[in-house]
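The shown structure was predicted, so the numbers you read here are calculated from the model rather than taken from an experiment.
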Amino acid sequence: MSSSETAAFTDPVGLLLLQGGLSRITAIEYFLHPLNPFKSKNETTNEKLARNNFSVAMLIERGSDDCPGPMTLAQAEDKYRSTLSREKGEQ
């Protein structure tokens, strides 16, 4: 893309984030969103977890097998990070 094309480019998902507020949770969801133009063509480990309904938001609400919910944001992020680190593939 030329600089004139990128200057006119509007990221629809980015606009949703601006309107809905940017947080760590929405940032992860942004990168997983199918309309994200910068999304990898390969399935990422984040997508594999999301496909199994495993997300920071879900952990905050419900917890996990070894730590019943609700969890704090820090606990949920730690659990998500440790689960993600065990996955193989592109992140």
Side-chain angles (χ1 to χ4, degrees):
M1 285 185 165
S2 70
S3 62
S4 62
E5 289 175 313
T6 56
F9 175 74
T10 302
D11 180 1
V13 181
L15 289 175
L16 279 174
L17 286 175
L18 287 175
Q19 294 168 352
L22 181 63
S23 70
R24 285 175 264 200
I25 294 169
T26 56
I28 290 172
E29 290 171 355
Y30 165 77
F31 286 107
L32 297 178
H33 199 283
L35 292 179
N36 177 0
F38 309 107
K39 183 178 168 300
S40 172
K41 302 295 183 223
N42 303 320
E43 184 178 52
T44 65
T45 52
N46 284 311
E47 290 171 312
K48 290 176 188 174
L49 293 178
R51 188 179 60 233
N52 292 313
N53 295 321
F54 192 87
S55 68
V56 172
M58 186 278 304
L59 288 169
I60 289 172
E61 182 181 328
R62 299 185 201 143
S64 65
D65 293 338
D66 59 336
C67 183
M71 288 182 164
T72 66
L73 178 59
Q75 288 174 315
E77 286 178 333
D78 286 342
K79 179 66 176 175
Y80 188 87
R81 188 179 307 110
S82 69
T83 302
L84 188 62
S85 70
R86 290 191 302 269
E87 294 290 321
K88 303 260 188 281
E90 187 177 341
Q91 293 187 5

Enumerate donor-acceptor pairs with a distance under 3.5 Å from any side-chain N or O in residues 53-60 to protein atoms, sequence neighbours excluded.
unit_1, atom_1, unit_2, atom_2, d
Ser55, OG, Met58, N, 3.1

* Answer yes or no: are there more than 12 heavy-atom neighbours, outside Asp65 itself, under 6.0 Å from its atom CG? => no

* To do: Heavy atoms only: give me the nearest Cys67-Gln75 pair and the separation to one decimal.
  => SG-NE2, 4.5 Å

* **Nearest heavy-atom neighbours spanning Ser82 and Lys79** => OG-O, 3.0 Å

* How would you list all residue pairs meeting salt bridge (charged side-chain N to carboxylate O under 4.0 Å, His left out) that involve residues 42-60, not counting sequence neighbours? -> Lys39-Glu47, Glu43-Arg51

* Could you check if a side-chain atom of Arg62 sits within less than 4.5 angstrom of a side-chain atom of Pro68, using non-hydrogen atoms only? => no

* **Side-chain (Glu87) to main-chain (Leu84) donor-acceptor, under 3.5 angstrom** => no

